[in-house]
**Q** 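One structure, as structure tokens, below. Some questions next.
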Amino acid sequence: MSLTPPPAPFTADDYRARMARAAQSAADAGLAGLLVAPGPDLVYLTGYQPVLTERLTMLVLAAGQEPVLVVPKLEAPDAEHAAGAAALTLRDWTDGTDPYGVTAPLLDVAGRFGVSDNAWAMHLLGLQEKLPGTSYVALTQALPMLRAVKDAHELARLEAAGAAADEAYGEILKVPFAGRGETEVAADLASLLLQFGHSQVDFTVVGSGPNGANPHHEAGERTIEHGDMVVLDFGGLKHGYGSDTTRTVHVGEPTAEEQRVHDVVRAAQRAGCEAVRPGAACQDVDRAARAVIEEAGYGEYFIHRTGHGIGVTTHEPPYMIEGEEQPLVPGMCFSVEPGIYLPGRFGVRIEDIVTVTENGGRSFNNTAREMAIVD
């Protein structure tokens, strides 16, 4: 197992810059500010990840104002120790008092605010009752690129997560497949991700035979058989940033058709990666990969987008899909994962995480994309 030192932690200055950039982006988008509830946006902006409860915790950001984090009093000590705490002001409230009465004075009484997608409806409704002139829009709609462009420190974490997933794949090829349940192989994958430094495993898709024709098949009790195609899609978080890779293997020698389908997907995945360059639209990546599959006659069996962004979560904007005209910018990171799914028979998917560079793209996954033969 390769051992690399952990990256230096993000500092209060890092979080201060993120919050300032987010507040300015909100102003540029015509918003009065941002309301950020516990979840990935709060982790990204402040380094604070509280236990999720019904109590109101909310970061209030607005251009020209000091960031304020409203927290329950009993959780204030934890918030004070967050990596970004020095870059904001804490304002607490006590059980039995009105948290919306504490938060409302921080807001423009007639403002339109971007709200993190996972904010609880009861909290927005509570604020709106205090401030009926306010309105709200989801952050994914208002500022979809808020976390999309990664700095050098974020890229290093994503690269380390990708390398760890690659090591897990290299090891999973050594375990027996035939005669074992999908859940057993999935457990092996989860264990390997943790062994190679992941703190969190988000998914371990093991789709064997006909189950591989379901892109999001959860590993089940089906016993893997000799002659099966097996889709392996797995990932999680390492150093707080995501991995996500897919390779499709075969138990024993494949048929000519299985090999052809795999070759088509591999060519499509390569075409999608080659389409990555600054200034190209997200949909151009989807079009490049999809064109290969359609030309080969399998277009109706490619049933999902070509990719999704990745960062502090394993799925986030931008999305590589038809109609998404967002230009690619150096520092964006996303998956390129075309697939072909033949119902009742088998599926094939190949996936890398790619980052946009100054003159093209670079993959964070570097294991062989040819079909591996397993026992």
**Q** Per the ring-ring contact (aromatic ring centres under 6.0 Å, His included) rule, what does the pair list look like for residues 336-361, sequence neighbours excluded?
**A** His304-Tyr341
**Q** Answer yes if Val115 and Leu107 sit in the same cluster of Ile, Leu, Val, Met, Phe, Trp and Tyr residues linked by side chain heavy atoms under 4.5 Å apart, and no otherwise.
**A** yes
**Q** Compute whether any side-chain donor of one residue and acceptor of the other, for Thr306 and Asp286, lie under 3.5 angstrom apart.
**A** yes
**Q** OG1 of Thr204 to CG of Asp188: how many Å apart, nearest 0.5 Å?
**A** 10.0 Å
**Q** Hey, does the Lys NZ or Arg CZ of Arg112 hover above the aromatic six-ring of Tyr136, less than 6.0 Å from the centre and inside 45° of the axis?
**A** no
**Q** Once you round to the nearest 0.5 Å, how far does CZ of Phe196 lie from OG of Ser191?
**A** 9.5 Å
**Q** Taking His250 for the side chain and Gly252 for the main chain, is one N or O donor matched with an acceptor at less than 3.5 Å?
**A** yes
**Q** Pro338 and side chain to side chain contact (heavy atoms under 4.5 Å, CB included): which partner among Ile293, Val264, Ile350?
**A** Ile293
**Q** Could you tell me if Glu182 and Ser208 have a donor-acceptor pair between their side chains, going purely by distance under 3.5 Å?
**A** yes
**Q** State whether the side chain of Arg247 and the backbone N or O of Glu351 hold a donor-acceptor pair below 3.5 Å, judged by distance alone.
**A** yes
**Q** Just say parallel, tilted or perpendicular for the rings of Tyr169 and Phe234, cut-offs at 30° and 60°.
**A** parallel
**Q** Would you compute the distance between atom CZ of Arg18 and atom OG of Ser25 and round it to the nearest 0.5 angstrom?
**A** 13.5 Å
**Q** Can you establish whether the number of heavy atoms outside Gln259 located under 6.0 Å from its atom CD is more than 12?
**A** yes
**Q** Pairing donors with acceptors under 3.5 angstrom, does anything connect the side chains of Arg362 and Thr357?
**A** no
**Q** From Glu80 CD over to Leu69 CG, what is the distance, rounded to the nearest 0.5 angstrom?
**A** 10.5 Å
**Q** Any carboxylate oxygen within less than 4.0 angstrom of a Lys/Arg side-chain nitrogen, looking at Glu171 and Lys174?
**A** yes
**Q** Does atom CD of Glu294 have more than 12 heavy-atom neighbours from other groups under 6.0 Å away?
**A** yes
**Q** In chain order, what residues pass the side chain to side chain donor-acceptor pair (under 3.5 Å) check against Lys130, with sequence neighbours excluded?
**A** Asp98
**Q** When you check the gap from the basic side-chain N to the acidic O, do Arg55 and Asp95 get nearer than 4.0 Å?
**A** yes
**Q** Between Thr248 and His262, is there a side-chain donor-acceptor contact under 3.5 Å, judged purely by atom types and distance?
**A** no
**Q** Supply the atom-to-atom distance Ile224 CD1 to Phe177 CZ, rounded to the nearest 0.5 angstrom.
**A** 6.0 Å
**Q** Distance from Ser199 atom OG to Leu193 atom CG, nearest 0.5 Å?
**A** 10.5 Å
**Q** Please check if the side chain of Asp228 supplies one atom and the backbone of Glu225 the other of a donor-acceptor pair under 3.5 Å.
**A** yes
**Q** Apply the side chain to side chain contact (heavy atoms under 4.5 Å, CB included) test between Arg345 and each candidate in Glu258, Glu257, Met229; give the one that qualifies.
**A** Glu257
**Q** Do Glu154 and Tyr241 have side-chain atoms, one donor and one acceptor, less than 3.5 Å apart?
**A** yes
